[in-house]
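Both ligands and their constituent atoms are indexed starting at 1 by order of listing. In this chain, numbering begins with 1 at the start of the sequence shown.
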Amino acid sequence: MLNNQEITQTIVDIADAMEVLGENRFRVAAYRRAADTLGAQTTSLATLHAQGDLTALPGVGEGIAGIIGELLDQGHAPFVDELLTRVPPGLLDILRVPEIGPKSAARLFHDEGITDLAALQAAASEGRLRAVKGFGAKTEARILAAINLMLTSTNRLRLIDALPVMDTLVAAIGGLAGVRRVVPAGSLRRGASTVGDLNLLLATDDITGVRAALRQLPQVAGCDPDLGDVFGLQLHNGMRAGVALTPPEQWGSALVYWTGSREHVTQLQALAAERGWSFDARGFTVANSLRRCLDEDSVYAALDLPTIIPELREGWGEIAAAQQGRLPTVIEPGDIHADLHWHTTWSDGKGSLREMAEAGRALGYAFMSVADHSAYLGVTGGLDAERLRQQRLEIDALNAEYGASGASFRLLQGCEVDILPDGALALPDDVLARLDLVIASPHVALRQPREAATARLVRAINNPHVDIIGHPTGRLLNTRPGADLDMAQVIAAAASTGTILEVNAGPERLDLDAPHIRAALAAGVRLTINTDAHDPRHLAGISLGVTTARRGGAAAADVINTWELAQIAGINDRSAST
Ligand code: DGT
Ligand code: ZN
């Protein structure tokens with residue numbers, strides 16, 4: 001019987017195949033919409049089908065429900081079989097390369113006879129792809145990098161995709177008889193930007209009974225053979241969960257152990273060994289007797305440490321920092337009172353200035369700074385000097401309205417200006433000088449050699465009008481590695497000019513990441529956390545950026561979004577004085 005993930009993948013394959021074959025784009029879009037819905041289901045599609053409820057799912061009509069039914073009942077569907085005979089299976093893999101759309105895939109197939117990823121990789125690495133119409137040497141290099149990433153990257157889940165499934169699991173497991181407590185553990189609890197699996201810890205006095213009940217959960221498709229204290233579950237949506245079970249009286253040690261990271265726990269174990277003790281999920285073993293810990297605080301206290309928050313437990317030196325009283329008091333979501341990087345319908349956003357401002361006000365923000373794209377190649381509707389002037393009028397009018405109504409809320413006019421491949425900016429200095437806040441970001445040519453990539457950012461940092469470098473590496477989780485940067489040089493440049501580096505909270509970016517944040521803070525560089533929202537609903541996603549900043553040890557004062565409006569305005573003094 002096919003699981004949810006296999007069914008969703010088949011529906012995606014249908015859309016991809018139809019697109020390569022040049023079929024009706026509205027039908028293609030319908031299959032993609034259905035695949036989105038199916039992929040988000042945590043319970044079994046087979047059960048929904050058996051109950052005749054598939055068409056209750058948004059975007060799933062009779063036709064698609066019929067195909068899913070055939071896939072479930074017979075293991076295949078005639079419509080899919082026929083469609084896929086017209087497209088080589090390897091071509092669907094080629095379509096998953098971010099640089100390649102259906103048109104170029106069709107050309108590779110028809111003109112070059114390239115029908116799978118291996119053939120494409122060979123063609124790219126031998127320099128044959130650049131000769132194909134529409135490709136060129138730069139695209140060839142990008143494709144090669146993307147294939148290498150696809151072939152080496154494991155199936156790690158982005159945090160944003162893992163979190164809602166974790167919520168569902170916690171609620172479902174929390175409802176089982178005999179479960180006293182259940183919480184996320186592992187890399188998800190530590191706030192990692194991607195996670196290998198969903199780890200949970202639950203406390204129960206009835207380990208056998210709860211294990212049996214876990215198998216029966218509606219989200220669970222199957223389970224691994226019994227390996228002791230962790231129970232591996234395969235979920236219907238294709239994700240994996242590892243559930244650790246503990247008696248309640250060992251909760252603290254179990255939670256520290258199963259939260260990890262392995263390096264962190266190994267270092268705690270070394271500290272315990274110095275005292276002649278050992279440590280594991282059950283607690284400390286001291287002279288053959290077990291010393292249990294009810295909560296995490298007592299685990300750390302037993303080792304004369306203050307409690308270290310999960311986000312800092314990565315083995316980078318947090319235990320030494322704790323011993324020396326140097327652990328940072330990190331930023332909390334509630335410390336943020338401004339979002340300084342988001343887009344509106346003035347460029348490629350979905351919300352108007354007013355809609356975005358209202359969404360920010362609903363989050364309790366005191367001020368916000370818009371950052372629509374500058375006009376530059378490839379950005380539809382980017383702003384030039386004239387459109388920025390027009391946008392300023394709308395901002396002034398909104399601020400006047402807020403002022404008249406007695407609201408203390410203020411809108412600033414920023415801009416996200418492109419950093420060109422040579423480090424020059426896409427807008428002239430006199431235009432930048434009129435803005436309240438300038439974010440300079442790299443968007444194109446992200447595969448430059450290290451020296452050029454580094455010099456590019458350093459040049460942008462040295463422009464006196466630039467206040468912030470947006471998503472400095474340009475990475476996209478699971479799809480695009482960041483630019484090859486000498487980050488020490490970038491950070492040193494930012495430190496010398498007072499330029500602020502962004503922790504972009506976009507769930508596909510989370511850029512800078514924790515190690516770079518730590519290095520920036522050590523050099524005295526300030527940070528800003530922003531959503532880069534393109535929709536009013538995205539503004540609430542600031543929390544993933546806060547989590548990432550916490551992992552890097554950022555305190556509230558290190559992050560300019562916690563500052564007062566007057567302090568933010570002061571950031572501009574550098575450009576005002578030149
Ligand atoms: P992931 O899943 O790759 O994102 O990373 P984690 O940290 O979630 O690792 P995972 O899922 O293998 O295990 C979850 C936690 O359980 C891990 O952080 C530490 C603990 N753990 C699991 N197996 C072992 C083990 O064999 N030794 C030690 N010391 N800890 C383990
Ligand atoms: Zn894990």
Side-chain angles (χ1 to χ4, degrees), residues 149 152-170 173 181-203 207 211 214 219-220 223-235 237-247 250-274 277-285 293 296 299-300 302-303 305 307-316 318-319 475 477-478 507-508 510 513-515 544 547-548 550-551:
L149 190 72
T152 53
S153 79
T154 47
N155 295 328
R156 294 184 68 81
L157 299 165
R158 298 183 313 177
L159 187 57
I160 188 78
D161 300 322
L163 284 169
V165 181
M166 176 59 89
D167 286 346
T168 308
L169 277 183
V170 166
I173 295 174
R181 263 177 112 169
V182 56
V183 297
S187 48
L188 183 140
R189 181 167 184 241
R190 303 196 308 276
S193 48
T194 63
V195 302
D197 61 355
L198 303 170
N199 298 104
L200 298 99
L201 175 68
L202 71 79
I207 288 188
R211 286 173 71 100
L214 286 172
Q219 292 80 13
V220 171
C223 54
D224 295 346
D226 186 350
L227 290 175
D229 43 6
V230 202
F231 199 35
L233 302 172
Q234 295 120 33
L235 307 182
N237 66 5
M239 296 183 188
R240 298 185 50 80
V243 183
L245 296 92
T246 183
Q250 297 167 8
W251 179 257
S253 44
L255 188 53
V256 168
Y257 186 88
W258 295 114
T259 297
S261 66
R262 278 166 207 244
E263 292 75 8
H264 178 80
V265 171
T266 303
Q267 291 175 20
L268 292 178
Q269 287 168 331
L271 269 189
E274 285 174 15
W277 310 343
S278 65
F279 173 75
D280 61 23
R282 298 169 305 142
F284 294 96
T285 305
C293 300
E296 289 192 316
V299 174
Y300 289 96
L303 297 170
L305 295 171
T307 301
I308 300 174
I309 60 165
E311 291 94 325
L312 293 176
R313 300 181 195 170
E314 295 289 347
W316 49 271
E318 68 277 13
I319 291 178
R475 78 167 178 179
L477 295 170
N478 286 350
E508 73 289 354
L510 299 177
D513 66 6
L544 288 194
T547 299
T548 305
R550 287 166 65 86
R551 286 171 60 74

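- The closest protein non-hydrogen atom to atom 28 (C) of ligand 1 is Y257 OH, 3.3 Å.
- Using a 4.5 Å cut-off on side-chain heavy atoms (C-beta onward), L163 and L544 make contact.
- Note that CZ of R551 and CD of E314 are 4.5 Å apart. Values are rounded to the nearest 0.5 Å.
- The backbone N or O of F279 sits less than 3.5 Å from a side-chain atom of Q269, completing a donor-acceptor pair.
- Around the Zn ion (ligand 2), the protein N, O or S atoms found under 2.8 Å comprise D197 OD1, N199 OD1.
- For ligand 1, the atoms lying closer than 4.0 Å to a non-hydrogen atom of D197 are 2 (O), 11 (O).
- Residue R190 has at least one heavy-atom neighbour below 4.0 Å for each of these atoms of ligand 1: 7 (O), 18 (O).
- The residue T266 has no part lying near ligand 1, judged by heavy-atom distances below 4.0 Å.
- Listed by number with element, the atoms of ligand 1 under 4.0 Å from a non-hydrogen atom of R156 are 1 (P), 3 (O), 4 (O).
- In this structure, L312 and R550 have side chains that are not in contact, with every pair of non-hydrogen atoms separated by 4.5 Å or more.
- Those atoms of ligand 1 with a heavy atom of G186 less than 4.0 angstrom away are 8 (O).
- Here the heavy atom of the protein found nearest to atom 4 (O) of ligand 1 is S187 OG, 2.5 Å.
- The distance from ligand 1 to the heavy atoms of G260 drops below 4.0 Å at these ligand atoms: 18 (O), 19 (C).
- Against a heavy-atom cut-off of under 4.0 Å, T259 is close to the following atoms of ligand 1: 18 (O).
- Salt bridge present: E296 and R189 bring a charged side-chain N and a carboxylate O closer than 4.0 Å.
- No donor-acceptor pair closer than 3.5 Å links the side chain of R282 to the backbone N or O of Q250.
- Taking CZ from R475 and CD from E508, the interatomic distance works out to 11.0 Å, rounded to the nearest 0.5 Å.
- Looking only at distances, no side-chain donor or acceptor of T246 sits under 3.5 Å from a matching main-chain atom of A203.
- Using a 4.5 Å heavy-atom cutoff, the side chains of L188 and L159 are in contact.
- Atom 16 (O) of ligand 1 has as its closest protein heavy atom W258 CE3, 3.2 Å.
- When the heavy atoms of L200, N199, L188, L268 are ranked by distance to atom 14 (C) of ligand 1, first place goes to N199.
- Between the side chain of R240 and the backbone N or O of G232 there is no donor-acceptor pair closer than 3.5 Å.
- For A244, the side-chain contact (heavy atoms from CB on, under 4.5 Å) partners two or more places apart in sequence, or in a different chain, are L201, W258.
- For atom 26 (O) of ligand 1, the closest heavy atom belonging to the protein is R262 NH1, 3.6 Å.
- Although no hydrogens or angles enter the test, the distance criterion places no donor-acceptor pair under 3.5 Å between the side chain of R158 and the main chain of P507.
- Remark: side-chain polar atoms of R156 are paired, donor with acceptor, to backbone N or O of T194 under 3.5 angstrom.
- Using a 4.0 angstrom heavy-atom cutoff, D280 does not count as in contact with ligand 1.
- At under 3.5 Å, not a single nitrogen or oxygen of V195, backbone or side chain, sits near a nitrogen or oxygen of ligand 1.
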